[in-house]
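Following: one structure in structure tokens, then a few remarks.
Keep in mind it's a predicted model, so treat the numbers as computed, not measured. Below, chains carry the letters A, B, ... as their sequence lines are ordered, and counting in each starts from 1. These numbers come from the heavy atoms of this one structure, side chains and all, not from hydrogens, waters or symmetry mates.
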Amino acid sequence: MTSLPILVSRCDSCTLRYLPRAGPCPRCGATTPLPLAIPPWGVVIAATELTSPAEGWPSPHRIALIELAESVRVLAIVDGEMPPNGARVVVVQKDDTYHARLSTATP
Amino acid sequence: MNSHITATGYARFGRRSEPLIELASEAAGAALSAHGRKPIDLLVVANMLSGSINGAENLVSRVANQIGLETAAGVRVEAASASGAAAFHTAVLAVESGVYERVLVVAAEKMTDRPTAEVAAALAHSLHPTEQAVGATMPALSALVSQLYAERYGTGTEVFDQVSRAARAAAQKNPYAQFQKPVTLEEIRSSRMVASPLRLLHCAAISDGAVAVVLERGHGPAGVLGIGQAFEAMALVDRADLTTFAASRGAAERAFALAGCSRRDVQVVEAHDAFAPFLLIDLEDLGFTPAGTAGRWYAESPPPGAPSVNPSGGILGRGHPVGASGLAEIADVARQLLGESGAAQLDPRPRIGLAHSIGGLASHNFVTLLGGPAV
């Protein structure tokens, strides 16, 4: 897993940083976000393992809520070992989803 | 306000062999019979999943045909797991507008004949697209919220166990509830982990069932005092605080403002406990106890003057046919106010009650205050 920066959006009206998505800023509704690259390391806020995932997903399936730099939060699929809350993870983007893995690298 | 519930009807919740429309018809027939078969001029139907798992759309026509209401107007309402509450609020607006005098609201869902993974995927359609994209389900996101609540307030999972046990105990007195037997704390603690920290018996069941109410212009013991609804960001990553649901707080503020009464006036509450920790968050968001303190109601006891909570068994005990639950919460409060709750009837009979419903992962919530004149 390579450690490429994560591209986020910075609202030029209210300065909120958020993951790029279609539509306006989720806080103020402005429609002119600016691109911003942040490091791919984050801290796990909460994580869980599903034993009854939705159709089309493996069992067990792990997801984590992660806080990245600039207070950007991301919901990611956990690859590999389940990280405890507070653990440092590295996050990568694959198509429209994010994946996280326990990190031992120094940011 | 000038509308009141005059009759309720149920198609028992649980695993049912009948198709969706027959369940809707059973509940509607019970409500109409209880009402004396007076003319209905608007039919409001609530459902969440018929298109995705039952292969049935055009529900209003189907229900109208099945129960012989072709002369009424009709509309279908969908707001995920709050569909039933949204349908009721639509009926209130219709009566309060002065255009309609008598409305039949029917809420129905049929889930148990599809595989759990298929139902989980269908329910996940009510989540934000970025959450669906990583395979999040309703229990998964609820587990994250529950973890954060437990961490922030030091609420142990043994409190969640107590919530589930209380729900199943209460449901024994509700003949329309899915679960008619109590569960022990040991059974709850040993039930399989669904999404940590939530075990199977902390989670709502997959259920079939239907409920109906007749709403009529005028006043009575189950009068509409106030309604409120509110939104919150759909995506968890966009929410400032994950240990509270802003949509519940907003809906409650609006309903109480309209009703002109206070939390102290409420004697019975039916709150949306699709997951055991949510009931604690609900009681705090609705303003009955400060943030982080609802666990004491179950670990110790409710404070003096606290309302009775979920005497029907709530969603954990009643079952959760998702599109029907929001109306069941309202109907169960109405039955208490009308003195029609049978073995579950509170004594003394409550005069004011609150029904609370959560749509999706609490992105669109509803509060309904019902009550009659002081005696």
Side-chain angles (χ1 to χ4, degrees), chain A residues 6 8-9 11 14 16-29 42 44-68 70-79 82-86 91-100, chain B residues 52-53 114-152 191-200 203 205-206 231-243 275 361 363:
Chain A
I6 301 291
V8 302
S9 295
C11 176
C14 73
L16 179 72
R17 276 79 158 167
Y18 59 96
L19 294 172
R21 68 182 75 169
C25 168
R27 180 195 286 166
C28 75
V44 173
I45 300 170
T48 193
E49 180 177 275
L50 292 80
T51 59
S52 299
E55 194 171 40
W57 294 89
S59 180
H61 180 58
R62 297 165 179 155
I63 63 170
L65 180 64
I66 296 159
E67 183 148 316
L68 300 165
E70 306 279 348
S71 299
V72 173
R73 289 183 171 187
V74 60
L75 192 68
I77 296 167
V78 174
D79 294 329
M82 184 74 169
N85 294 357
V91 176
V92 296
Q93 183 175 4
K94 296 179 182 176
D95 299 323
D96 290 334
T97 64
Y98 296 85
H99 290 245
Chain B
S52 56
I53 66 171
R114 307 306 306 163
T116 298
E118 182 183 337
V119 174
L123 292 170
H125 290 156
S126 66
L127 301 176
H128 192 273
T130 59
E131 295 168 339
Q132 290 183 59
V134 297
T137 62
M138 204 60 74
L141 298 187
S142 302
L144 300 179
V145 169
S146 301
Q147 277 183 33
L148 294 169
Y149 179 89
E151 281 182 13
R152 179 169 182 176
S191 62
R192 73 176 171 83
M193 191 67 81
V194 171
S196 56
L198 299 176
R199 295 185 176 277
L200 183 66
C203 303
I206 290 173
F231 293 104
E232 185 173 17
M234 283 191 77
L236 288 190
V237 297
D238 291 333
R239 297 186 187 181
D241 187 345
L242 294 178
T243 62
F275 302 94
L361 194 79
S363 59

Where on A:I45 is there a heavy atom nearer than 4.5 Å to chain B: the side chain, the backbone, both, or neither?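 Looking at A:I45, backbone and side chain both touch chain B.
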
Using non-hydrogen atoms and a 4.5 Å limit, figure out which bit of A:P26 sits close to chain B: side chain, backbone, both or neither.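 The side chain, not the backbone.
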
Whether B:S196 side chain and A:T48 backbone form a donor-acceptor pair below 3.5 Å: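 Flag not set: sc B:S196 to bb A:T48 has no pair under 3.5 Å.
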
Contact origin within [X] toward chain A - heavy atom pairs under 4.5 Å:
X	value
B:E151	side chain
B:Q147	side chain
B:L242	side chain

Restricting to pairs with a member in residues 127-151 of chain B, which pass ring pair (Phe, Tyr, Trp, His ring centres under 6.0 Å), not counting sequence neighbours?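 Sorted pair list: B:Y149-B:Y153.
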
Among residues 233-240 of chain B, which residues come closer than 4.5 Å to chain A, judged by heavy atom distances?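 Listed by number: B:V237, B:D238, B:R239.
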
Rounded to the nearest 0.5 Å, what separates atom CD in B:E131 from atom CG in A:L65?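 B:E131 CD to A:L65 CG: 9.5 Å, rounded to 0.5 Å.
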
Residue pair [X] / [Y]: nearest heavy atoms and the distance that separates them:
X	Y	answer
A:I63	B:A140	CD1-CB, 3.7 Å
B:G135	A:H61	O-CD2, 3.5 Å
B:V134	A:W57	C-CH2, 3.6 Å

Just so I understand: if I count every heavy-atom pair under 4.5 Å between each of B:L144, B:L141, B:T137, B:T130 and chain A, which residue has the most?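 Greatest number of close heavy-atom pairs with chain A: B:L144.
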
For chain B, the option from A:R73, A:R27, A:R62 that forms the most heavy-atom pairs under 4.5 Å: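 Option with the top pair count is A:R73.
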
Just so I understand: if I count every heavy-atom pair under 4.5 Å between each of A:D96, A:V74, A:N85 and chain B, which residue has the most?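 Of the candidates given, the most pairs with chain B belong to A:N85.
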
Close side-chain approach of B:P129 to A:R21, heavy-atom, < 4.5 Å: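 No; the side chains remain at least 4.5 Å from each other.
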
